[in-house]
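First comes the structure, then the notes that go with it.
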Amino acid sequence: MSRFFVTTPIFYVNAKPHLGHAFTTILADAMTRFHRLMGDEAFFLTGTDEHGDKIAKASDEAGQSPKEYADQISGLFRALGPMLGAKPDHFIRTTDPEHIKTVQKVLQKVYEAGDIYFGEYGGHYCFGCERFYTEKELVDGMCPDHKTRPEYIAEKNYFFRMSKYQAWLIEHINQNPDFIRPARYRNEVLSLLESGALEDLCISRPKSRLTWGIELPFDQDFVCYVWFDALLNYVSALNYPRGEKFKKFWPANHIVAKDILKPHAVFWPTMLKAAGLAPYQSLNVHGYWLVRDTKMSKSLGNVVEPKQMVDAYGTSAFRYFLLREMAFGSDASFTEEALVGRLNADLANDLGNLFNRVLSMTHKYFEGKVPSPTAETEEDAELKRLGRDAMRNFQGHFAEFRTARALESLWELVRALNKYIDTSAPWTLFKNKDKARLGTVMYMLLEHMRKIAVHLWPVMPEASVKMLEQLGCCFDLDKVNLAKEPEVWGLLDSGLAVLQTSNLFPRVEVPEPAPPAALEVETPKAPAAEPKKKAPPKAPEGPVGPADSIEFADFQKLDLRVGTVLSAAKHPDADKLLVVQVALGDPEPRQIVAGLADRFSPEDLVGKQVVVVANLAPRKLRGIQSQGMILVAKDAEVTRLLTAAGTVDDGGKVA
RNA sequence: GGCGAGGUAGCUCAGUCGGUCAGAGCAUGCGGCUCAUAUCCGCAGUGUCGGGGGUUCAAUUCCCUCCCUCGCUACCA
């Protein structure tokens, strides 16, 4: 059994969790679950970074102590995981006493080894630009912008002799292609290292300026500054140096966003080297989430609240979207429309509908029991090959953090199953009483669906468990061996009782596009996020779930009217559809194509008054324009037309 | 300014160590099925693979140059 240790960065407690934090957490959780399914022992670490000026300042303004302030924000980050369906194994805080002890231990060790020295930190500071300039940047000793002579500001501080390990680091990166990935960031780091001499890293601040930090063990007048504190969380969380966890799980697989590439790709490995520790295993760098192609920022008022998305669409759809949409290493764009697009196209139409149709057929043809397969055809073998390849590709990509491509691969199987249904036409087999073949076809589908459900556990744990339950299975991590799934066949037991219907991913209306960014600045409180959707994908199973409440304004959007059916006829190209003309009080009758042919004959409708949704967007149904919808009431047994208790003028409003 | 990444169908992107590589999904149009969640399946597209030049029998894929976009270059998490 191999081991897998994955980390998110520790999040700085100067702001609330946002989409970026959510994504990193979800990715780490998905990788953890994936490795557990593959049979590895995994450990997932996250936490908060709590020292530094910004926190000292912010807490001051809030009238709190830094610790109180940090406690509060850290709590928000601690709650992030559960909200997203993510389960970190440990949540570390840089204010934890154990962490502080570890930092001091490592500092002392590196200090004694001679790699920390006391020196002067300073530079040519231009007050106009509010920045330091290097000698090289100055033009004749003047600021290139202001043409003034910058002031030299100096401060004594401790430095880490990072430059000493530059050659070693270049060599290590060259020797280990997966040390930093994707390759673009590896190249970026290499060019950074090779372009110029690495400077030493300033790791302290005098207490006269900053007290909110970890005191240097070898000089009480200074606190540790930033990276020597923050980065060491990755080992202090494992109780370095003596902890069992450290011995078991180090080296780490880090996940970071591209903004903290340099500290993780340069500072951290050299720090480990200087402290006599093995380098981490891999650094996995992802891009930013943009909102409508713009960087997310509070000042623009376009910050996406993970909680709102989860509340509106559920953790499964949210996780699926993030992991499916962002190509590893690249930026991606978050919009609610895109999320809903994925939810409808991939989850509702392709996957959810697949489950629903297959479960329904299993009930119609086999009393809801998984049938036993018999002889397989070439077509079946072909499908299995495709499935095997899809699963192998999924696993290969997922293991290397390419979740988008992994899911793309898996969906090739989902689509193939829908296609297999079409070509093998179970309803025809049923009509022809070919039970043997029908059983094989259904088993092919059900067993593949089980495999898909298992593969999706890392991405959508909640939905995956439901899918398996619908197939009559119960999820047991210890019994799954994902690595073998592409090769083995027949793990789904015949005779299992499956659910009759599946409502995993109900379709959702496309939200109205958010107002332009300029408007959002004006009204930062009320951005698009208002989800006027229907049921979140919470509904466990069965046909009816409790409906979510809507606002009266939402109801008012419906234009419900009473009208008399003038004529009705079978749709020429559809079995279930009727083409109905309804008088709604307008000069022209309204043409509505209704899916009622299986329950009503045209004669049943003509002359009746019905209730119509009059402002439904027109749509062609099998080639014929439909301008509305006829309402019915139905239970498990019967379907009745919805109508008024007495006669009403055509066009009468329902309110 | 320096360094880096990228500019491929309406949209989001794959892809090519130079030769069936011009692709996928979404969106659009048309056709088919009826087990299913206005769902599924099939077919159809359009693309000067950013502009120009070069190397080659052959370049979207290599070289040069130009244009555009975005990052990093700030001990700042």
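Keep in mind that the numbers below use all heavy atoms, side chains included, and drop hydrogens, waters and symmetry copies. Order of the sequence lines sets the chain letters (A, B, ...), proteins ahead of strands, with each chain counted from 1.
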request  = Take atom C1' in U46(B) and the same atom in A38(B), then report the distance between them in whole Å.
outcome  = 28 Å

When you measure only distances, ignoring hydrogens and angles, does the side chain of N356(A) come within 3.5 Å of the base of A36(B) through a donor and an acceptor? no

How far, in whole Å, is C17(B) from C67(B) if one measures between their P atoms?
30 Å

Check: If the P atom of A58(B) is compared with that of C70(B), how far apart are they to the nearest Å?
Finding: 38 Å

Separation of A36(B) atom C1' from H363(A) atom NE2, nearest Å, is 14 Å

When you check the side-chain N and O atoms of N393(A) and R405(A), is any donor under 3.5 Å from an acceptor? no

Rounded to whole Å, CH2 of W411(A) lies from P of U12(B) at a distance of 22 Å

With the side chain defined as heavy atoms from C-beta on, M361(A) is closest, among C35(B), C76(B), U12(B), to C35(B)

For C62(B) and U56(B), measure between their C1' atoms and round to the nearest Å.
10 Å

task: Respond yes when some side-chain nitrogen or oxygen of K262(A) is under 4.0 Å from OP1 or OP2 of C72(B), and no when none is.
output: no

Residue pair L354(A)/I260(A) against RNA chain B: nearer the 5' end by closest nucleotide is L354(A)

Worksheet item: Using atom P of each nucleotide, how far apart are U16(B) and G6(B) to the nearest Å?
Response: 12 Å

Against the side chain of S360(A), the closest entry in A77(B), C75(B), A36(B) is A36(B)

Can you tell me how far C1' in G50(B) sits from the matching atom in U60(B), rounded to whole Å? 12 Å

Against the side chain of D49(A), the closest entry in U37(B), A77(B), G25(B) is A77(B)

R324(A) CZ to U12(B) P, in whole Å, measures 15 Å

Donor-acceptor contacts, no H, no angles, side chain residues 262-270 of chain A, under 3.5 Å, sequence neighbours left out:
unit_1	atom_1	unit_2	atom_2	d
H264(A)	ND1	I260(A)	O	3.0
H264(A)	NE2	Y234(A)	OH	2.8
W268(A)	NE1	H254(A)	NE2	3.0
T270(A)	OG1	V266(A)	O	2.9
T270(A)	OG1	F267(A)	O	2.7

inquiry  = Please confirm whether the ring centroid of F222(A) lies under 6.0 Å from the ring centroid of F118(A).
reply    = yes

In F430(A), W427(A), Y443(A), the residue satisfying ring pair (Phe, Tyr, Trp, His ring centres under 6.0 Å) with Y365(A) is F430(A)

Separation of the P atoms in G15(B) and C75(B), to the nearest angstrom:
35 Å

request  = Under 4.0 Å between any heavy atoms, over every strand shown, what does D229(A) touch: base, sugar-phosphate, or nothing? Just pick one.
outcome  = nothing

Taking C40(B), C76(B), A36(B) as options, the one with an atom nearest any side-chain atom of Y225(A) is C76(B)

Note to self: Any base atoms under 4.0 Å from G352(A), or only sugar-phosphate, or nothing? Heavy atoms, all strands.
What the structure shows: base

Problem - Neighbour count >12 (heavy atoms, 6.0 Å) for atom NZ, K258(A) - result: yes

Tightest non-hydrogen contact, residues I421(A) and P426(A), listed as O-CD, 3.3 Å

Does G15(B) have OP1 or OP2 sitting under 4.0 Å from an N or O in the side chain of R405(A)? yes

On RNA chain B, more 5' by nearest nucleotide between V358(A) and I10(A) is V358(A)

Q. Please walk me through it: do F505(A) and Y320(A) pass ring pair (Phe, Tyr, Trp, His ring centres under 6.0 Å)?
A. CA-CA 12 Å; F505(A) 305 106; Y320(A) 175 83; 8.1 Å; no

Below 3.5 Å between N/O atoms, which protein atoms pair up with nucleotides 2-7 of chain B? Just atom names and distances, please.
unit_1	atom_1	unit_2	atom_2	d
A5(B)	O2'	R184(A)	NH2	2.9

Regarding the side chain of K364(A), the nearest nucleotide among C40(B), C41(B), A36(B) is A36(B)

Return no unless some side-chain N or O of R507(A) is found under 4.0 Å from OP1 or OP2 of A36(B). no

Taking C75(B), G42(B), G25(B) as options, the one with an atom nearest any side-chain atom of K419(A) is G42(B)

**Q.** R402(A)/E400(A) ion pair, N-O < 4.0 Å
**A.** yes

Q.
Any heavy-atom pair between the side chains of Y288(A) and L19(A) that's under 4.5 Å?
A. no

* Charged N-O contact under 4.0 Å between D53(A) and K57(A) -> no

Taking U12(B), U39(B), U37(B) as options, the one with an atom nearest any side-chain atom of E325(A) is U12(B)

Same-atom distance (P) from U39(B) to G29(B), integer angstrom: 12 Å

Which of A14(B), U34(B), C40(B) is nearest the side chain of S330(A)? It is A14(B)

Atom CG of L359(A) and atom P of C35(B) are separated, to the nearest Å, by 16 Å

Rounded to whole Å, CZ of R402(A) lies from C1' of C13(B) at a distance of 15 Å

Separation of C40(B) atom C1' from Y420(A) atom OH, nearest Å, is 16 Å

*Heavy atoms under 4.0 Å, any strand shown: does D259(A) hit a base, just sugar-phosphate, or nothing?*
nothing

**OP:** Determine the contact category for Y365(A): base if any of its heavy atoms lies under 4.0 Å from a base atom, sugar-phosphate if only primed atoms, P, OP1 or OP2 are that close, otherwise nothing.
**Re:** sugar-phosphate

Output field dot_bracket for RNA chain B (Watson-Crick or G-U, both distances under 3.5 Å, | for other-strand pairs) contains (((((((..((((.....[...)))).(((((.......))))).....(((((..]....))))))))))))....

Between NZ of K54(A) and P of C76(B) the distance, given in whole Å, is 9 Å

Open item on the list: Distance alone, cut at 3.5 Å: any donor-acceptor contact between the side chains of E379(A) and S424(A)?
Closed with: no

When I203(A), L216(A), I214(A) are each screened for side chain to side chain contact (heavy atoms under 4.5 Å, CB included) with F228(A), the one that passes is I203(A)

Quick one: sort the F159(A) and Y117(A) rings into parallel, tilted or perpendicular, breaks at 30° and 60°. parallel

Here the distance between atom P of A74(B) and atom CG of L201(A), to the nearest Å, is 14 Å

Side-chain contact check for A348(A): nearest option of U37(B), A77(B), C40(B) is U37(B)

